Protein chains: 2
Amino acid sequence: MTNLFENINDKNIEKLKRILKANTINYRKNVNVLSNVNQDNFIALIDTGSVQLTFSDYEGNKTIIDELSSGEIFGSLTSYIKNEEVSCITKEPTQITFIEYTEITNDEIFKNDFYIIFIKNLIKLLSEQLEAKNNRIEILTKKTTRDKILEYFKIQSQSKGSKIFTIPLSYTELANYLSVDRSAMTREISSLKKEGFIKTNGRRITLLY
Amino acid sequence: MTNLFENINDKNIEKLKRILKANTINYRKNVNVLSNVNQDNFIALIDTGSVQLTFSDYEGNKTIIDELSSGEIFGSLTSYIKNEEVSCITKEPTQITFIEYTEITNDEIFKNDFYIIFIKNLIKLLSEQLEAKNNRIEILTKKTTRDKILEYFKIQSQSKGSKIFTIPLSYTELANYLSVDRSAMTREISSLKKEGFIKTNGRRITLLY
DNA sequence: TGTAAAATGTTGCAAATGCAACAAATATAA
DNA sequence: TTATATTTGTTGCATTTGCAACATTTTACA
C-alpha cells in the first residue's frame, strides 16, 4: 500500500501538512472517529494505528466497508461518509490527520516541487483502493459460499506469493467480509479440509491444489 | 459524473491531449477494446459511446465489473486490466482516448494552468468510481435477493431524486449486476409487485413506500 | 490470575435460491 | 418484412444457506 507522504522527506512532510492546514488528532481504542468530525469534504489520513469502517442499515445489519491502517486514507473521496450510518471505529490507539479537500489545490501549494509527488501518491492510493474494492466485488459476486472462500484465499495467496498464508481477519470478520453466515462458512471450510483442498492451523491457511 | 476534461476549454483540451500524447481510436459496436491494447499503464477515456467491462473466471462465469459511458475512464488506475480475463466490449460505436499514466506528470505539463483542473477532475472521477463500487458492495452484501433488489432501487431512486425512475440495465444485466439468478430475481420482483411494494412498467419502476 | 467477553465449532431445520426447462414477448438484423 | 436471436416470465425441484441454539476454546482486562 502506498503511503500518502511516500518519497517526501520529513521536513517537507511537515511543510506540506502546514500548507494543507492539516489537523492531527489522537484517538484511544474503540472510539468512533467520525462522531466529532463535522467537516463536509475531508481526507482522513491514518498516521499510526488502524480503523474499521462499517455501515449500518435501517435494520441494524452491520457490514464492513473497509479496514484501514497506517498511511491509508478515507473520507469524502473514498466513502460515503456524509451518511450518518457509516461509522469509523479505531481498532487500537490511532493517530489521524484531517485535511480539507479544498486545501489540496490551494494557492500556496503549487510553489513546492514535492507537490506533484503528493498528488501522485494520492492518485495511487485511490487506485489501490479501487483495486481492493474490485477484489471484494469479485468475491461477492461468486454464487456459493465455497466459491467466495476459495476466491478470497486465491487473492490472499496471490498477494503473498505463496500457497501458505495467514489471513488478516478473524473468522468472524471474514464471514462478515464475505457476507455469508459464519456458521455456514465454518461448515464449508470444514468440508474443504475433509475433501483435501486446504489445511488450516488457526488463521494460517495452506492451499493443497 | 465528472468528465475528465470538465471546465477546460476546447483549445486547451486539444493542447492537453497533445502534451499527454493521447491516442484516440474509434471502435464499432460489440468490439473488444482491450484486444489491441498493449500498453501496461494506461488510462482510457471514453469520448463518446459506452462500454461494458466484464470479468470471466476459470469456469467461464461472467460478471459485470462496470458499465461506463462518455467522460468516464477505465484502465490500470481503476481496474485490474492486466488480467487477461477482463474484457471491455463496446455497447455502441465508441471513441476512446488512451493516455499513458506516466505522461500525466511529464515535464511539459506543469507549465499550463489548466493542469490543476485536469488533476482535480481525475481525482474526482476516481472518487466517483469508488462511490459506485461502494454502492455495489452495499448491495452485494445484502443477504437476500429481495434486499438486494430493494437496495438497488433505493440507490437508483436517490440518484434520480424520485420514487419513479427507469433502470439503466436490462433485467438480464440487472440480475448479473446483483449477482443473483435471473429467474429468482423475476420471482422476487413479482412478489414485490403482488405485495404492493412496487409497480413496474418495463424498466420503469415506481416505489410505493 | 481469575472471570467475563468474544471467537470458534457443530448441528437440525426451515426458507431462500440456483438450476433446468419451458413458453411467450421483444428486439435485431438480413 | 421476415427470420433469428435475445430477453422476459413462470414453475418444480434439489441444494444451499441463514438462523437458532448450544458447547468449547481463546482472548481481554480488571
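Quick note on labels: first sequence line is chain A, next is B, and so on, each numbered from 1. Keep in mind the model is a prediction, meaning the values are calculated, not measured.
- The separation between A/Asp147 atom CG and D/dT17 atom P is 9 Å, rounded to whole Å.
- Here D/dT7 is the nucleotide among C/dA7, D/dT7, C/dG18 with the atom lying nearest to any side-chain atom of B/Arg203.
- At a threshold of 4.0 angstrom between heavy atoms, the contacts of A/Arg187 include nucleobase atoms, whether or not backbone atoms are also involved.
- Look at B/Glu195 and B/Arg146 and you find a salt bridge, because one of the NZ, NE, NH1 or NH2 atoms lies within 4.0 Å of a carboxylate O, short of that distance.
- When each of A/Met185 and B/Thr200 is assigned the nucleotide of DNA chain D with its nearest heavy atom, B/Thr200 is the one assigned upstream, toward the 5' end.
- With rounding to whole Å, A/Glu188 atom CD is found 13 Å from C/dT10 atom P.
- In this view, A/Glu67 and A/Gln52, A/Lys91 satisfy the side-chain hydrogen bond (donor to acceptor under 3.5 Å, both in side chains) rule, not counting sequence neighbours.
- Under the side-chain hydrogen bond (donor to acceptor under 3.5 Å, both in side chains) criterion, B/Lys160 pairs with B/Gln156, sequence neighbours left out.
- Base engagement by B/Thr186 is indicated by at least one non-hydrogen atom pair under 4.0 Å involving a base atom.
- Considering only residues two or more places apart in sequence or on other chains, A/Gln95 meets the side-chain hydrogen bond (donor to acceptor under 3.5 Å, both in side chains) condition with A/Asn26.
- Comparing the end axes of the helix from C/dT1-D/dA30 to C/dA30-D/dT1, each fitted to five base pairs by superposing C1' atoms of four pairs onto the next four, gives an inter-axis angle of 70° (nearest 10 degrees).
- As rounded to whole Å, 12 Å separates atom P of D/dT7 from atom CG of B/Leu169.
- B/Lys163 forms a cation-pi arrangement with B/Tyr209, by the criterion of a distance under 6.0 Å to the ring centre and an angle within 45° of the ring axis.
- When the C1' atom of D/dT17 is taken as reference, atom CZ of B/Arg146 falls 18 Å away, rounded to whole Å.
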* To do: Determine, stepwise, if the pair B/Asn32 / B/Ser87 fulfils side chain to side chain donor-acceptor pair (under 3.5 Å).
  => CA-CA 6 Å; B/Asn32 188 346; B/Ser87 61; 4.6 Å; no

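- Among the nucleotides C/dC19, C/dT17, D/dT8, the one closest to any side-chain atom of B/Thr145 is C/dT17.
- When the side-chain hydrogen bond (donor to acceptor under 3.5 Å, both in side chains) test is applied to B/Lys15, the partners found at least two apart in sequence or on another chain are B/Asn112.
- Considering only side-chain N and O atoms, B/Thr172 lies under 4.0 angstrom from the phosphate OP1 or OP2 of D/dT8.
- Distance CD1 (B/Ile189) to C1' (D/dT8): 11 Å, rounded to an integer number of Å.
- Straight-line distance from the CD atom of A/Glu173 to the C1' atom of C/dA6: 11 Å, rounded to whole Å.
- Rounded to an integer number of Å, the gap from B/Leu174 CG to D/dG9 P is 11 Å.
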* Asked: Run the side chain to side chain donor-acceptor pair (under 3.5 Å) check on A/Arg204 and A/Thr166 step by step: do they pass?
  -> CA-CA 4 Å; A/Arg204 171 159 290 260; A/Thr166 303; 3.3 Å; yes

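- Atoms CG (B/Leu178) and P (C/dT17) sit 12 Å apart, rounded to a whole Å.
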Distances for protein N/O vs nucleotides 20-30 of chain C N/O pairs under 3.5 angstrom?
unit_1, atom_1, unit_2, atom_2, d
C/dA20, N6, B/Ser183, OG, 3.4

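- A cation-pi contact links A/Arg136 to A/Tyr177, judged by a cut-off of 6.0 Å to the six-membered ring centre and 45° from its axis.
- Minimum heavy-atom separation, A/Ser162 to A/Ser157: O-OG, 2.8 Å.
- Between B/Ala184 and A/Ala184, it is A/Ala184 whose nearest contact on DNA chain C lies nearer the 5' terminus.
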